[in-house]
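Worksheet for the structure shown next.
We count residues from 1, following the sequence as given.
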Amino acid sequence: MKNWKYIYMIVFIGFTIGCTTTLKKRVQHQEAKPNLIHPLYFQEELASFINFPFWFNDSIVKANNIESIQQVIFTSTHEDDLEENTPFPKKTIRYTFDKKGYLIHIQYTDYSEGIIISHQSYQIIGTKYPYYTAAIRLDNTLGVENSSYLVVPYKRKKNVLQFNNHAKKERIHFIQKKRFWGPLSVDSIAKPKPTDWIVLGTPYKPEKRFKVKNTVKESDVTTYTYLNNNFPSEIISGEYPFTKKRTFNYSNKGRFLGFVDSTFIDIEFITRSTTRLNYNQKGLPVNITKIKGHATGQKVYITKEVISYTTFE
(Lines give C-alpha, C1' and ligand atoms only; values in the text may rest on other atoms or scores of the structure.)
Protein backbone atom coordinates (compact mmCIF):
# COMPACT_ATOMS: atom_id res chain seq x y z
CA MET A 1 0.00 0.00 0.00
CA LYS A 2 2.87 2.34 0.76
CA ASN A 3 4.20 1.81 -2.78
CA TRP A 4 0.81 2.76 -4.19
CA LYS A 5 0.86 5.95 -2.14
CA TYR A 6 4.21 6.86 -3.67
CA ILE A 7 2.88 6.10 -7.15
CA TYR A 8 -0.19 8.27 -6.59
CA MET A 9 2.02 11.06 -5.31
CA ILE A 10 4.31 10.90 -8.37
CA VAL A 11 1.34 10.85 -10.77
CA PHE A 12 -0.27 13.80 -8.94
CA ILE A 13 2.94 15.85 -9.07
CA GLY A 14 3.40 15.04 -12.75
CA PHE A 15 -0.19 15.98 -13.52
CA THR A 16 0.18 19.27 -11.61
CA ILE A 17 3.38 20.17 -13.44
CA GLY A 18 1.76 19.31 -16.77
CA CYS A 19 -1.28 21.48 -16.05
CA THR A 20 0.93 24.36 -14.90
CA THR A 21 3.02 24.14 -18.08
CA THR A 22 -0.12 24.09 -20.25
CA LEU A 23 -1.56 27.05 -18.35
CA LYS A 24 1.65 29.03 -18.82
CA LYS A 25 1.55 28.32 -22.55
CA ARG A 26 -2.01 29.63 -22.70
CA VAL A 27 -1.17 32.71 -20.66
CA GLN A 28 1.84 33.48 -22.84
CA HIS A 29 -0.14 34.79 -25.80
CA GLN A 30 1.31 34.66 -29.30
CA GLU A 31 3.11 37.94 -29.87
CA ALA A 32 1.57 40.45 -32.27
CA LYS A 33 3.60 41.26 -35.38
CA PRO A 34 3.82 44.55 -37.31
CA ASN A 35 1.10 44.99 -39.93
CA LEU A 36 0.50 47.88 -42.31
CA ILE A 37 -2.16 49.39 -40.02
CA HIS A 38 -1.41 49.57 -36.31
CA PRO A 39 -4.31 48.41 -34.07
CA LEU A 40 -4.27 51.71 -32.16
CA TYR A 41 -5.29 53.43 -35.40
CA PHE A 42 -8.84 52.39 -34.48
CA GLN A 43 -8.67 53.96 -31.03
CA GLU A 44 -10.44 57.29 -31.50
CA GLU A 45 -8.65 59.32 -28.81
CA LEU A 46 -5.30 58.34 -30.35
CA ALA A 47 -6.13 58.35 -34.06
CA SER A 48 -7.63 61.84 -33.87
CA PHE A 49 -4.33 63.13 -32.47
CA ILE A 50 -2.64 63.66 -35.85
CA ASN A 51 0.50 65.14 -34.30
CA PHE A 52 1.44 61.50 -33.59
CA PRO A 53 0.73 59.61 -36.86
CA PHE A 54 2.27 56.25 -35.99
CA TRP A 55 -0.68 54.35 -37.46
CA PHE A 56 1.12 52.97 -40.53
CA ASN A 57 4.28 50.85 -40.60
CA ASP A 58 6.71 52.84 -42.76
CA SER A 59 8.80 49.74 -43.58
CA ILE A 60 5.75 47.94 -45.00
CA VAL A 61 4.66 51.10 -46.85
CA LYS A 62 8.13 51.38 -48.43
CA ALA A 63 8.42 47.65 -49.22
CA ASN A 64 5.10 47.78 -51.12
CA ASN A 65 6.02 51.02 -52.93
CA ILE A 66 2.81 52.67 -51.61
CA GLU A 67 2.25 56.30 -52.55
CA SER A 68 -1.22 56.70 -51.03
CA ILE A 69 -3.88 54.82 -49.07
CA GLN A 70 -7.54 55.76 -49.39
CA GLN A 71 -10.15 54.63 -46.89
CA VAL A 72 -13.83 54.99 -47.85
CA ILE A 73 -16.23 54.64 -44.91
CA PHE A 74 -19.85 53.94 -45.81
CA THR A 75 -22.95 54.72 -43.78
CA SER A 76 -24.35 51.96 -41.58
CA THR A 77 -26.99 49.73 -43.14
CA HIS A 78 -29.44 47.17 -41.78
CA GLU A 79 -28.28 43.66 -42.56
CA ASP A 80 -31.64 42.96 -44.26
CA ASP A 81 -31.31 46.04 -46.51
CA LEU A 82 -27.87 45.35 -47.99
CA GLU A 83 -29.20 43.75 -51.19
CA GLU A 84 -31.75 46.52 -51.86
CA ASN A 85 -29.78 49.64 -50.95
CA THR A 86 -26.24 50.78 -51.70
CA PRO A 87 -25.04 52.88 -48.76
CA PHE A 88 -23.63 56.35 -49.37
CA PRO A 89 -20.01 57.11 -48.47
CA LYS A 90 -19.87 58.82 -45.10
CA LYS A 91 -16.21 59.79 -45.08
CA THR A 92 -13.06 59.35 -47.13
CA ILE A 93 -9.54 59.63 -45.74
CA ARG A 94 -6.53 59.76 -48.02
CA TYR A 95 -3.00 59.30 -46.67
CA THR A 96 0.00 60.20 -48.84
CA PHE A 97 3.55 58.97 -48.24
CA ASP A 98 7.03 59.75 -49.53
CA LYS A 99 9.25 57.07 -51.05
CA LYS A 100 10.76 56.28 -47.63
CA GLY A 101 7.32 55.29 -46.34
CA TYR A 102 6.77 58.36 -44.15
CA LEU A 103 3.35 59.99 -43.95
CA ILE A 104 3.43 63.51 -45.45
CA HIS A 105 -0.20 64.45 -46.08
CA ILE A 106 -3.72 63.65 -44.79
CA GLN A 107 -6.98 64.63 -46.44
CA TYR A 108 -10.41 64.17 -44.80
CA THR A 109 -13.67 64.52 -46.70
CA ASP A 110 -17.10 64.23 -45.06
CA TYR A 111 -20.35 63.55 -46.96
CA SER A 112 -24.08 63.83 -46.41
CA GLU A 113 -26.12 61.62 -48.76
CA GLY A 114 -23.29 61.65 -51.27
CA ILE A 115 -22.68 65.42 -51.12
CA ILE A 116 -19.40 66.82 -49.77
CA ILE A 117 -20.04 68.91 -46.65
CA SER A 118 -16.46 69.40 -45.41
CA HIS A 119 -12.95 68.92 -46.66
CA GLN A 120 -9.83 69.24 -44.51
CA SER A 121 -6.23 68.82 -45.54
CA TYR A 122 -3.03 68.64 -43.47
CA GLN A 123 0.65 68.56 -44.28
CA ILE A 124 2.72 66.40 -41.93
CA ILE A 125 6.26 67.59 -41.20
CA GLY A 126 8.78 65.78 -39.00
CA THR A 127 10.42 67.59 -36.08
CA LYS A 128 13.40 67.05 -33.82
CA TYR A 129 11.16 66.43 -30.80
CA PRO A 130 10.38 62.87 -29.68
CA TYR A 131 7.12 61.42 -31.02
CA TYR A 132 5.92 64.78 -32.31
CA THR A 133 5.25 65.89 -35.89
CA ALA A 134 3.99 69.27 -36.98
CA ALA A 135 0.60 69.05 -38.69
CA ILE A 136 -0.11 72.16 -40.76
CA ARG A 137 -3.64 72.88 -41.94
CA LEU A 138 -3.61 73.73 -45.64
CA ASP A 139 -5.55 76.58 -47.25
CA ASN A 140 -7.84 74.38 -49.36
CA THR A 141 -10.00 73.49 -46.37
CA LEU A 142 -13.76 73.64 -47.01
CA GLY A 143 -16.76 73.36 -44.72
CA VAL A 144 -16.99 73.50 -40.94
CA GLU A 145 -13.79 72.75 -39.06
CA ASN A 146 -13.85 69.33 -37.46
CA SER A 147 -12.38 69.77 -33.99
CA SER A 148 -11.96 66.03 -33.49
CA TYR A 149 -8.67 66.25 -35.40
CA LEU A 150 -6.18 67.68 -32.95
CA VAL A 151 -3.49 69.95 -34.30
CA VAL A 152 -1.83 71.27 -31.19
CA PRO A 153 1.45 73.03 -30.33
CA TYR A 154 4.13 71.25 -28.38
CA LYS A 155 5.41 72.65 -25.08
CA ARG A 156 8.47 71.26 -23.37
CA LYS A 157 8.23 70.97 -19.58
CA LYS A 158 10.24 69.03 -17.05
CA ASN A 159 9.06 65.38 -16.72
CA VAL A 160 5.96 65.96 -18.88
CA LEU A 161 5.07 66.38 -22.55
CA GLN A 162 2.37 69.05 -22.66
CA PHE A 163 0.11 69.95 -25.57
CA ASN A 164 -2.38 72.78 -25.67
CA ASN A 165 -5.56 72.11 -27.62
CA HIS A 166 -6.90 75.64 -27.92
CA ALA A 167 -9.92 74.54 -30.00
CA LYS A 168 -11.24 72.47 -27.08
CA LYS A 169 -9.76 74.67 -24.36
CA GLU A 170 -7.93 71.76 -22.76
CA ARG A 171 -4.40 70.51 -22.26
CA ILE A 172 -2.97 67.02 -22.63
CA HIS A 173 -0.15 65.97 -20.29
CA PHE A 174 1.93 62.87 -21.10
CA ILE A 175 3.88 61.63 -18.07
CA GLN A 176 6.28 58.96 -19.25
CA LYS A 177 8.26 57.92 -16.17
CA LYS A 178 6.42 55.54 -13.85
CA ARG A 179 7.90 57.03 -10.71
CA PHE A 180 5.81 60.16 -11.38
CA TRP A 181 2.50 58.31 -11.87
CA GLY A 182 1.27 58.83 -8.29
CA PRO A 183 -1.51 61.40 -7.77
CA LEU A 184 0.69 63.82 -5.81
CA SER A 185 3.43 63.68 -8.46
CA VAL A 186 0.89 64.19 -11.27
CA ASP A 187 -0.56 67.21 -9.47
CA SER A 188 2.88 68.68 -8.79
CA ILE A 189 4.26 68.15 -12.32
CA ALA A 190 1.25 68.86 -14.54
CA LYS A 191 -0.91 71.10 -12.32
CA PRO A 192 -3.94 69.89 -14.29
CA LYS A 193 -7.26 71.67 -14.55
CA PRO A 194 -10.47 69.59 -14.40
CA THR A 195 -10.75 69.89 -18.21
CA ASP A 196 -7.20 68.61 -18.83
CA TRP A 197 -6.26 65.07 -19.81
CA ILE A 198 -3.56 63.15 -17.97
CA VAL A 199 -1.94 60.31 -19.93
CA LEU A 200 0.40 57.93 -18.10
CA GLY A 201 2.84 56.61 -20.70
CA THR A 202 3.82 57.91 -24.11
CA PRO A 203 1.76 59.04 -27.10
CA TYR A 204 2.74 55.74 -28.75
CA LYS A 205 1.94 53.58 -25.74
CA PRO A 206 -0.49 55.07 -23.23
CA GLU A 207 -1.11 53.04 -20.08
CA LYS A 208 -3.89 55.13 -18.57
CA ARG A 209 -5.84 58.22 -19.63
CA PHE A 210 -8.07 60.25 -17.32
CA LYS A 211 -9.17 63.60 -15.97
CA VAL A 212 -8.56 64.55 -12.35
CA LYS A 213 -10.20 66.86 -9.84
CA ASN A 214 -9.01 67.75 -6.34
CA THR A 215 -5.75 65.83 -6.88
CA VAL A 216 -7.15 62.30 -6.45
CA LYS A 217 -10.67 62.19 -7.93
CA GLU A 218 -10.36 60.59 -11.37
CA SER A 219 -13.01 60.57 -14.11
CA ASP A 220 -13.37 59.43 -17.76
CA VAL A 221 -10.74 56.76 -17.12
CA THR A 222 -9.35 54.59 -19.92
CA THR A 223 -6.84 51.80 -19.24
CA TYR A 224 -4.72 50.04 -21.85
CA THR A 225 -3.06 46.62 -21.66
CA TYR A 226 -0.65 45.21 -24.24
CA LEU A 227 0.58 41.90 -25.60
CA ASN A 228 4.05 43.08 -26.59
CA ASN A 229 5.59 46.39 -27.60
CA ASN A 230 2.61 48.72 -28.09
CA PHE A 231 0.24 46.15 -29.60
CA PRO A 232 -2.91 46.31 -27.46
CA SER A 233 -4.76 43.33 -26.03
CA GLU A 234 -7.55 45.15 -24.19
CA ILE A 235 -8.78 48.70 -23.63
CA ILE A 236 -11.41 49.51 -21.00
CA SER A 237 -13.08 52.89 -20.59
CA GLY A 238 -15.82 54.08 -18.31
CA GLU A 239 -18.16 57.03 -18.13
CA TYR A 240 -20.87 56.39 -15.56
CA PRO A 241 -23.05 54.40 -15.90
CA PHE A 242 -21.42 52.86 -18.99
CA THR A 243 -18.37 50.62 -19.27
CA LYS A 244 -16.84 49.90 -22.66
CA LYS A 245 -14.45 47.05 -23.30
CA ARG A 246 -12.45 46.54 -26.49
CA THR A 247 -10.68 43.21 -27.02
CA PHE A 248 -8.16 42.93 -29.87
CA ASN A 249 -7.79 39.74 -31.92
CA TYR A 250 -4.65 38.40 -33.60
CA SER A 251 -3.94 35.29 -35.64
CA ASN A 252 -1.53 32.57 -34.48
CA LYS A 253 1.11 34.24 -36.66
CA GLY A 254 0.55 37.63 -35.03
CA ARG A 255 -1.54 39.30 -37.75
CA PHE A 256 -4.03 41.86 -36.47
CA LEU A 257 -7.52 40.55 -37.31
CA GLY A 258 -9.78 43.14 -35.67
CA PHE A 259 -11.48 43.73 -32.34
CA VAL A 260 -14.69 43.28 -30.38
CA ASP A 261 -16.42 46.15 -28.56
CA SER A 262 -18.82 45.43 -25.71
CA THR A 263 -20.86 47.98 -23.76
CA PHE A 264 -22.29 47.38 -20.29
CA ILE A 265 -24.36 49.23 -17.72
CA ASP A 266 -22.95 47.92 -14.45
CA ILE A 267 -22.66 44.22 -15.40
CA GLU A 268 -25.62 44.16 -17.80
CA PHE A 269 -24.65 43.69 -21.44
CA ILE A 270 -26.11 46.32 -23.82
CA THR A 271 -24.42 46.22 -27.21
CA ARG A 272 -21.67 44.34 -29.00
CA SER A 273 -19.90 45.13 -32.26
CA THR A 274 -17.30 43.11 -34.11
CA THR A 275 -14.77 44.75 -36.43
CA ARG A 276 -12.81 42.54 -38.82
CA LEU A 277 -10.02 43.33 -41.27
CA ASN A 278 -9.73 41.38 -44.52
CA TYR A 279 -6.41 41.13 -46.33
CA ASN A 280 -5.25 40.52 -49.90
CA GLN A 281 -2.53 38.06 -50.95
CA LYS A 282 0.18 40.66 -50.25
CA GLY A 283 -0.97 40.92 -46.63
CA LEU A 284 -2.46 44.41 -47.09
CA PRO A 285 -5.92 45.17 -45.65
CA VAL A 286 -8.51 45.77 -48.39
CA ASN A 287 -11.73 46.17 -46.44
CA ILE A 288 -13.06 46.47 -42.91
CA THR A 289 -16.45 45.19 -41.76
CA LYS A 290 -18.16 46.24 -38.54
CA ILE A 291 -21.23 44.33 -37.34
CA LYS A 292 -23.20 45.81 -34.43
CA GLY A 293 -25.90 43.97 -32.49
CA HIS A 294 -28.03 44.66 -29.41
CA ALA A 295 -28.96 42.54 -26.41
CA THR A 296 -32.63 43.17 -27.21
CA GLY A 297 -32.32 41.35 -30.53
CA GLN A 298 -32.95 44.38 -32.73
CA LYS A 299 -31.80 44.47 -36.35
CA VAL A 300 -28.07 44.09 -36.93
CA TYR A 301 -26.25 47.09 -38.40
CA ILE A 302 -23.32 46.66 -40.78
CA THR A 303 -20.71 49.30 -41.62
CA LYS A 304 -18.25 48.68 -44.43
CA GLU A 305 -14.99 50.39 -45.24
CA VAL A 306 -12.99 49.90 -48.43
CA ILE A 307 -9.23 50.46 -48.59
CA SER A 308 -7.42 51.10 -51.88
CA TYR A 309 -3.82 51.90 -52.79
CA THR A 310 -1.78 53.80 -55.36
CA THR A 311 1.90 53.04 -55.89
CA PHE A 312 4.87 54.99 -57.17
CA GLU A 313 5.67 54.37 -60.84
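- For the pair Ile198 and Val212, the tightest heavy-atom approach, listed with the atom from each and the gap, is CG1-CG1, 4.3 Å.
- Side-chain N or O atoms of Thr127 include one that pairs as donor or acceptor with a backbone N or O of Tyr132 at under 3.5 Å.
- Within the 4.5 Å cutoff, side-chain heavy atoms of Leu184 are placed close to those of Thr215.
- In terms of hydrophobic clustering, with Ile, Leu, Val, Met, Phe, Trp and Tyr side chains grouped at heavy-atom distances under 4.5 Å, Val286 and Ile302 are assigned to different clusters.
- A donor-acceptor contact shorter than 3.5 Å is absent between the side chain of Asn287 and the backbone of Glu305.
- A donor-acceptor pair shorter than 3.5 Å cannot be found between the side chains of Tyr95 and Glu67.
- Under the 30°/60° scheme for interplanar angles, the aromatic rings of Phe256 and Tyr250 are found to be tilted.
- Here the side chain of Ser112 pairs no donor or acceptor atom with the backbone of Ile115 at under 3.5 angstrom.
- Within a 6.0 Å sphere centred on NZ of Lys245, heavy atoms belonging to other residues, nucleotides or ligands number 12 at most.
- Closest of all the heavy-atom pairs between Gln107 and Thr109 is NE2-OG1, 4.0 Å.
- When all heavy atoms of Pro183 and Val216 are compared, the pair lying nearest together is CB-CG1, 4.0 Å.
- Under the 3.5 Å distance criterion, the side-chain polar atoms of Thr133 are matched with a main-chain donor or acceptor of Asn51.
- Using a 4.5 Å heavy-atom threshold, the side chains of Gln71 and Thr92 count as separate.
- Judged by distance alone, the side chain of Asn280 and the main-chain N or O of Lys282 form a donor-acceptor pair under 3.5 Å.
- When the side chains of ILVMFWY residues are joined at heavy-atom separations under 4.5 Å, either directly or via intervening members, Ile66 and Ile104 end up in two distinct hydrophobic clusters.
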Under the side chain to side chain donor-acceptor pair (under 3.5 Å) criterion, do Arg276 and Thr289 qualify, and how do the steps go?
CA-CA 5 Å; Arg276 182 172 180 82; Thr289 303; over 6 Å; no

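- Proximity of Pro285 to Leu36: side-chain heavy atoms (C-beta onward) are separated by under 4.5 Å at one or more points.
- Taking OG1 of Thr222 as the start and NZ of Lys211 as the end, the distance is 11.0 Å to the nearest 0.5 Å.
- Using a 4.5 Å heavy-atom cutoff, the side chains of Tyr102 and Phe97 are not in contact.
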Give the intermediate values and the outcome of ring pair (Phe, Tyr, Trp, His ring centres under 6.0 Å) for residues Tyr41 and Phe56.
CA-CA 8 Å; Tyr41 169 82; Phe56 301 98; 5.8 Å; yes

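- Proximity of Pro39 to Phe231: side-chain heavy atoms (C-beta onward) are separated by under 4.5 Å at one or more points.
- Taking the six-membered ring where tryptophan is involved, the planes of Phe49 and Phe174 are essentially parallel, since the angle between them stays under 30° and well short of 60°.
- Scanning all heavy atoms of the two residues, the minimum distance from Phe54 to Pro203 falls at CE2-O, 3.7 Å.
- Leu161 and Phe210 are members of different hydrophobic clusters when ILVMFWY side chains are connected at heavy-atom separations under 4.5 Å.
- Stacking of Lys99 on the aromatic ring of Phe312 is recorded, both the 6.0 Å distance cut-off and the 45° axial limit being met.
- No salt bridge links Lys213 with Glu218; every basic N to acidic carboxylate O contact stays at or beyond 4.0 Å.
- Judged by the 6.0 Å distance and 45° axis criteria, Lys90 is not positioned over the aromatic ring of Phe88.
- A cation-pi arrangement is absent between Lys205 and Tyr224 under the rule of less than 6.0 angstrom and at most 45 degrees off the ring axis.
- Within the 4.5 Å cutoff, no side-chain heavy atoms of Thr225 are placed close to those of Pro232.
- Although no hydrogens or angles enter the test, the distance criterion places no donor-acceptor pair under 3.5 Å between the side chain of Asp110 and the main chain of Ser118.
- When hydrophobic clusters are built by joining Ile, Leu, Val, Met, Phe, Trp and Tyr residues whose side-chain heavy atoms come closer than 4.5 Å, directly or via intermediates, Val186 is grouped together with Val160.
- In this structure, the side chain of Asn228 engages the main chain of Ala32 through a donor-acceptor pair within 3.5 Å.
- In this structure a side-chain-to-backbone donor-acceptor pair under 3.5 Å is present from Trp181 to Ile175.
- When the side chains of ILVMFWY residues are joined at heavy-atom separations under 4.5 Å, either directly or via intervening members, Phe42 and Leu227 end up in a single hydrophobic cluster.
- Donor-acceptor pairing under 3.5 Å is lacking for the side chains of Thr96 and Ser68.
- Between Ile270 atom CD1 and Lys244 atom NZ the span is 12.0 Å, to the nearest 0.5 Å.
- With a 6.0 Å cutoff to the six-membered ring centre and a 45° limit on the axis angle, Arg209 counts as a cation-pi contact of Trp197.
- Judged by distance alone, the side chains of His173 and Asp196 do bring a donor and an acceptor atom under 3.5 Å apart.
- Put simply, the side chain of Asn64 gets close to the backbone of Ile60: a donor and an acceptor are under 3.5 Å apart.
- Side chain of Ser48 to main chain of Glu44: a donor-acceptor pair is present (N/O by atom type, distance under 3.5 Å, no hydrogens or angles).
- Using a 4.0 Å cut-off between a side-chain N of Lys or Arg and a carboxylate O of Asp or Glu, Glu234 and Arg246 do not qualify as a salt bridge.
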Quick one: do Ile235 and Gln43 satisfy side chain to side chain contact (heavy atoms under 4.5 Å, CB included)? Show the steps, please.
CA-CA 9 Å; Ile235 296 176; Gln43 196 66 23; 3.3 Å; yes

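- The minimum heavy-atom distance between Tyr279 and Gly283, with the atom names listed, is CD2-O, 3.3 Å.
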What's the verdict on ring pair (Phe, Tyr, Trp, His ring centres under 6.0 Å) for Phe74 and Tyr111, showing C-alpha distance, side-chain angles and the deciding distance?
CA-CA 10 Å; Phe74 293 93; Tyr111 299 84; 9.6 Å; no

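- Around atom NZ of Lys62, no more than 12 heavy atoms belonging to other residues, nucleotides or ligands sit under 6.0 Å away.
- The shortest heavy-atom contact between Ile124 and Ile50 is CD1-O, 4.3 Å.
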